[in-house]
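Below: one structure, written as structure tokens.
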2 protein chains.
Amino acid sequence: MNLSNGAARALTKGAIVVAGIKDVAREAGVSVSTVSYVISGKRSISAKTTDRVMAAVEKLGYIPDANARKMRGMRSQVIALSAPIRGDINQAKYNAYFLHTAWAARNAGYDVLLLTGQDAVNDICRVTEGNLVDGVVLLDVEENDERAAASGRLPKPCVAIGYPSIHKRCACIDIDFAAAGKKAVDYLFDKGHRKIVFLRNNESDYERESGYVVIFRRSMLSQAKVRGVEVIESPRYEADCFDAKRFVRDTFAGVDCPTAIINQANASVLNLVLQELAVAGLSIPEDVSVLSCGTYLEGELMSRPVTEMPVMPEKLCSRAMRLLISAIEENAEIMDVVDLEAPVLKERGSIADIGRGDQMSSL
Amino acid sequence: MNLSNGAARALTKGAIVVAGIKDVAREAGVSVSTVSYVISGKRSISAKTTDRVMAAVEKLGYIPDANARKMRGMRSQVIALSAPIRGDINQAKYNAYFLHTAWAARNAGYDVLLLTGQDAVNDICRVTEGNLVDGVVLLDVEENDERAAASGRLPKPCVAIGYPSIHKRCACIDIDFAAAGKKAVDYLFDKGHRKIVFLRNNESDYERESGYVVIFRRSMLSQAKVRGVEVIESPRYEADCFDAKRFVRDTFAGVDCPTAIINQANASVLNLVLQELAVAGLSIPEDVSVLSCGTYLEGELMSRPVTEMPVMPEKLCSRAMRLLISAIEENAEIMDVVDLEAPVLKERGSIADIGRGDQMSSL
DNA sequence: TTGTAGGCGTTATCAT
DNA sequence: ATGATAACGCCTACAA
């Protein structure tokens with residue numbers, strides 16, 4: 001008999017009583033190990049004992065202490081999600097990734113710890129080395145991402161949603177934006193377009209070399225050169241400062257104006273442009289074709305459907321999570337995995353074939 | 001001398017070595033308690049010893065195990081953020097709250113654990129009783145919120161951003177939407193408006209009695225009755241299915257059409273309406289006045305500025321966090337706190353005074 | 001089938 | 001000023 005705490009061991013936290021495994025054991029009239037085994041199911045226990053124990057668990061509302069459990073080398077069942085807030089806090093694009101990551105994690109029995117601090121590398125080290133989390137997902141990965149570069153030192157597996165140039169021991173999941181840039185040009189080329197305007201993303205994303213934004217643009221421009229397609233770039237703008245009226249006026253005023261728009265801006269900006277095109281009397285796709293890339297317009301309220309090469313957060317998140325879980329639970333070696341998904345083009349009738357259909361392009 | 005593990009105690013996790021406090025102690029040639037005190041600073045240690053210990057900490061990259069720490073009754077420095085995903089996963093409105101909560105938490109030295117599972121009450125119990133978190137923030141609170149109703153049983157403090165009818169032992173932080181509904185009507189009344197169209201939020205929010213949406217509408221309608229203001233309600237619609245063209249046509253076709261819009265829909269819907277108003281040749285505020293409520297348009301890309309009574313997530317989140325932290329760190333009794341902020345009206349020139357200025361209303 | 005006991009890494013309470 | 005050691009709550013090898 002344990003003298004020091006054989007008596008009522010129920011702890012009071014504030015006004016609320018939290019039962020421990022010993023309380024359950026006493027209530028059920030068995031030993032603590034029996035309770036533990038009933039719960040973990042790692043040993044066969046007689047039905048009668050099991051019932052008594054479960055009844056006690058129910059009665060006391062027993063929930064094992066997550067920390068004591070982890071001290072025994074068990075997993076914490078928590079995934080860290082790194083999404084550093086850089087500059088303005090209005091990062092609407094994160095949202096889908098947050099939710100889908102959390103969703104995928106929960107389905108695998110994990111919770112998500114949100115790391116949004118500026119000092120991301122530090123935070124990640126802290127929670128992995130402190131055994132707070134079992135693995136890490138990197139969001140909003142830049143071309144030269146210091147988190148990905150530091151992932152080599154982490155004691156837990158790590159997956160990036162994105163494709164940084166340095167990715168020591170950190171798996172990468174993304175859409176193949178290089179292929180996407182090429183495909184966008186080829187697709188429009190095949191439909192006869194020879195002069196295209198590129199509607200840029202807001203400038204801050206280029207400045208910090210946000211991975212996909214840069215890769216797509218670079219590849220698109222290079223393929224345009226290959227095909228002999230002329231590309232005009234929209235003027236640069238800061239987030240929430242885009243002048244759609246001016247853009248439309250300047251771009252589509254002259255006689256030899258572009259026949260298509262490749263959009264890399266977000267849904268709001270694109271919506272404003274569509275609106276201004278309508279005001280200017282230009283109809284889609286008769287007067288102007290529109291191809292949106294790196295967006296996901298299906299969930300957005302657009303003033304008209306737009307053909308796009310979407311990035312689907314749900315898919316990326318669930319694949320990233322599957323990979324991470326396999327590393328956590330089956331010790332799978334994922335460090336060298338680079339999984340770039342081929343881009344998909346969703347036709348929604350915003351692109352016209354302007355009929356120089358004599359050429360063919362190979363994908 | 002401890003025989004069982006006095007030797008090299010550095011644990012290997014995967015290929016990475018994690019040092020424990022014993023390793024640091026051995027490296028520095030001191031006892032574990034000395035290391036602990038150097039780190040916590042709870043006892044004065046000679047400068048020489050301190051230096052040796054810190055050097056060892058640096059060298060080994062020692063980071064205390066968060067779990068062992070918590071076993072000793074320390075805080076986990078983690079806040080749970082409950083934002084159950086109901087129905088579709090495209091809950092863009094959550095985003096600002098996620099980021100601002102995380103931001104406020106980090107400033108106070110806490111991380112955020114995201115709980116988005118369907119079974120919110122269960123998740124909250126699990127993480128609070130399991131000592132995974134020090135406190136809970138409730139998001140997207142409904143009129144009859146089961147989480148708020150269950151908060152009485154939680155062993156950790158809890159703050160709701162919202163104002164549910166039942167809130168046992170759970171503090172509430174929100175904007176006073178009842179006052180906001182009243183103020184919206186009074187403001188337009190004072191400017192001479194006597195017939196108003198209410199642009200509803202999407203239907204799912206009313207169905208599940210999302211707190212603020214319901215409270216605002218109810219109070220607005222009741223005050224309209226008091227003032228003798230006629231209110232037409234926009235047709236119901238599901239998320240992402242709003243027909244703006246039709247709404248504008250049906251509402252502003254006749255001779256005796258409304259002179260003002262009170263908007264409760266999100267920025268996308270409102271943008272579509274503004275667009276259609278322009279197409280219909282109606283200008284703001286000359287032909288139609290617009291007052292948006294429960295939105296936060298400042299961060300959005302609107303086709304024109306709109307006067308609004310904004311809900312500012314940053315403010316709510318930081319107040320909620322302050323309150324929660326005071327409960328956690330100073331054992332403040334916050335259970336009975338209900339903190340409803342007076343609504344603010346941001347003029348942005350979308351409302352006309354149509355000049356029956358003979359009446360005055362008291363706020 | 002069930003009970004006993006040791007240990008996970010840390011902090012706090014002793015003693016030195 | 002520093003060291004040894006007993007908890008914290010749980011899991012599991014070993015004993016019965």
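Every chain is numbered from 1 and lettered A, B, ... according to where its sequence line falls, protein lines coming before strand lines.
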Where each residue is assigned the nucleotide of DNA chain D containing its nearest heavy atom, which of B/V32 and A/P64 is assigned the position nearer the 5′ end? B/V32
Whole-Å distance, B/K70 NZ to C/dT11 P, equals 13 Å
So, the side chain of B/T128 versus the backbone of B/P155: is there a donor-acceptor pair under 3.5 Å, distance only? no
Do any N or O atoms from the side chain of B/R147 and from the backbone of B/L139 form a donor-acceptor pair under 3.5 angstrom? yes
Rounded to whole angstroms, how far apart are CZ on A/R75 and C1' on D/dC10? 17 Å
Would you kindly give the CE-to-C1' distance between B/M71 and C/dT10, to the nearest whole Å? 9 Å
Can you check the B/D23 CG to C/dC8 C1' distance for me, whole Å? 14 Å
In whole Å, I'd like the distance from the CD atom of A/E129 to the C1' atom of C/dT10. 17 Å
CZ of B/F98 to OG1 of A/T116, rounded to nearest 0.5 Å, is 11.5 Å
Taking only heavy atoms on the protein side, list every residue of residues 34-53 of chain A lying under 4.0 Å from any atom of DNA chain C, sorted numerically. A/T34, A/R43, A/S44, A/I45, A/S46, A/T49
Nucleotide D/dC11, atom P - distance to CG of B/N67 in whole Å: 13 Å
Rounded interatomic separation in angstrom, taking CZ from B/R26 and P from C/dG9: 12 Å
Ignoring hydrogens and angles, does a donor from either the side chain of A/R72 or the base of C/dG7 sit under 3.5 Å from an acceptor on the other? yes
Backbone N/O of B/A120 and side chain of B/D123: donor-acceptor pair under 3.5 Å: no
Please list, chain by chain and in numerical order, all residues satisfying side chain to side chain contact (heavy atoms under 4.5 Å, CB included) with A/D174, sequence neighbours excluded. A/Y163, A/F177, A/L316, A/L340
Side chain of A/A68 (C-beta onward), nearest among C/dT4, D/dC10, C/dT10: D/dC10
OG (A/S76) and NZ (A/K156) are apart, to the nearest 0.5 Å, by 6.5 Å
Any side-chain to backbone donor/acceptor pair from B/D134 onto B/R75? Under 3.5 Å, distance only. no
Whole-Å distance between C/dG7 C1' and A/R69 CZ? 17 Å
